[in-house]
Amino acid sequence: MYENILIPTDGSKTANVAVEHAVDLAAKYGATVHALYVVDPDWLAYSLGSEQLDRIRQGNFGEMGDVEADAAEATGVVADAARDHDVEVIEEVRGGTPHEIITSYADNEDIDLIVIGSHGRSGVRRALLGSVTERVLRSSHLPTLVVDEHEEP
Ligand code: ATP
Ligand code: MN
């Protein structure tokens with residue numbers, strides 16, 4: 001049923017709770033987990049120049065140490081959990097608008113389940129769902145498991 005499970009992560013606590021669900025399912029199904037961190041140029045619009053923002057959109061993060069470190073930390077949580085469960089993991093970092101990248105990655109990489117957090121690093125509870133999750137649910141046709149932040153791993 002599930003061979004490729006996508007876990008989009010922004011490194012937030014809620015995403016890390018979702019990681020536990022994704023990896024546990026992957027272990028039971030013998031699936032590969034894909035950890036996808038999207039660098040959103042809008043997060044960095046105030047701190048970087050337009051040339052650097054263009055490079056991010058092209059997926060070129062060289063010499064942007066903070067960006068690379070945040071990405072490696074977020075996907076590293078997935079990689080560590082996968083290793084503990086003997087699950088194969090692919091770590092991927094891309095630049096662009098998160099829900100667009102997540103949806104197109106899922107289509108292009110034969111993903112059959114998305115596991116995503118209800119909220120992310122902005123942590124604002126004003127809405128039932130964070131905007132990335134809401135947009136992924138609207139734009140992807142794939143089964144998606146939404147993990148709430150109140151659940152402890
Ligand atoms: P908002 O961004 O709308 O202010 P939020 O940060 O609380 O609210 P979302 O951004 O929708 O909520 O995050 C929900 C989930 O979406 C996260 O737990 C994570 O799984 C995924 N996600 C969010 N941003 C990214 C990203 N840049 N790359 C990969 N996954 C992401
Ligand atoms: Mn967010």
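All ligand and atom numbering here is 1-based and tracks the order in the structure.
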Does ligand 1 have any N/O atom under 3.5 Å from a protein N/O, and what are those pairs and their distances?
residue, atom, partner, partner atom, Å
ligand 1, 3 (O), Ser131, N, 2.8
ligand 1, 3 (O), Ser131, OG, 2.5
ligand 1, 4 (O), Ser122, OG, 2.8
ligand 1, 6 (O), Arg121, N, 3.4
ligand 1, 6 (O), Ser122, N, 3.1
ligand 1, 6 (O), Ser122, OG, 3.3
ligand 1, 7 (O), Gly120, N, 2.8
ligand 1, 7 (O), Ser122, OG, 3.4
ligand 1, 7 (O), Gly123, N, 3.4
ligand 1, 8 (O), Ser122, OG, 3.1
ligand 1, 11 (O), Gly130, O, 3.4
ligand 1, 11 (O), Ser131, N, 3.2
ligand 1, 11 (O), Val132, N, 2.8
ligand 1, 11 (O), Thr133, N, 3.2
ligand 1, 12 (O), Gly120, N, 2.9
ligand 1, 13 (O), Gly120, N, 3.3
ligand 1, 18 (O), His119, O, 2.7
ligand 1, 20 (O), Pro8, O, 2.7
ligand 1, 20 (O), Gly117, N, 3.2
ligand 1, 27 (N), Val38, O, 2.8
ligand 1, 28 (N), Val38, N, 3.0
ligand 1, 30 (N), Thr9, N, 3.3

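- Other residues sharing the hydrophobic cluster of Ile116, ordered by chain and number and joined by side-chain separations under 4.5 Å: Leu6, Leu36, Val38, Ile90, Ile101, Ile102, Tyr105, Ile111, Ile114, Leu128, Leu129, Val132, Val136, Leu137, Leu142, Val146.
- Among all heavy-atom pairs drawn from Leu44 and Ile56, the shortest one is CD1-CD1, 3.5 Å.
- For residues 29-54, the pairs satisfying salt bridge (Lys or Arg N to Asp or Glu O under 4.0 Å) are Asp54-Arg57, with sequence neighbours left out.
- With Asp24 contributing its side chain and Glu20 its backbone, the two residues share no donor-acceptor pair below 3.5 Å.
- Interatomic distance, CZ of Arg138 versus NE2 of His99, reported as 10.5 Å (0.5 Å rounding).
- Partners of Asn60 according to the side-chain hydrogen bond (donor to acceptor under 3.5 Å, both in side chains) rule, which considers only residues two or more places apart in sequence or in another chain, do not exist here.
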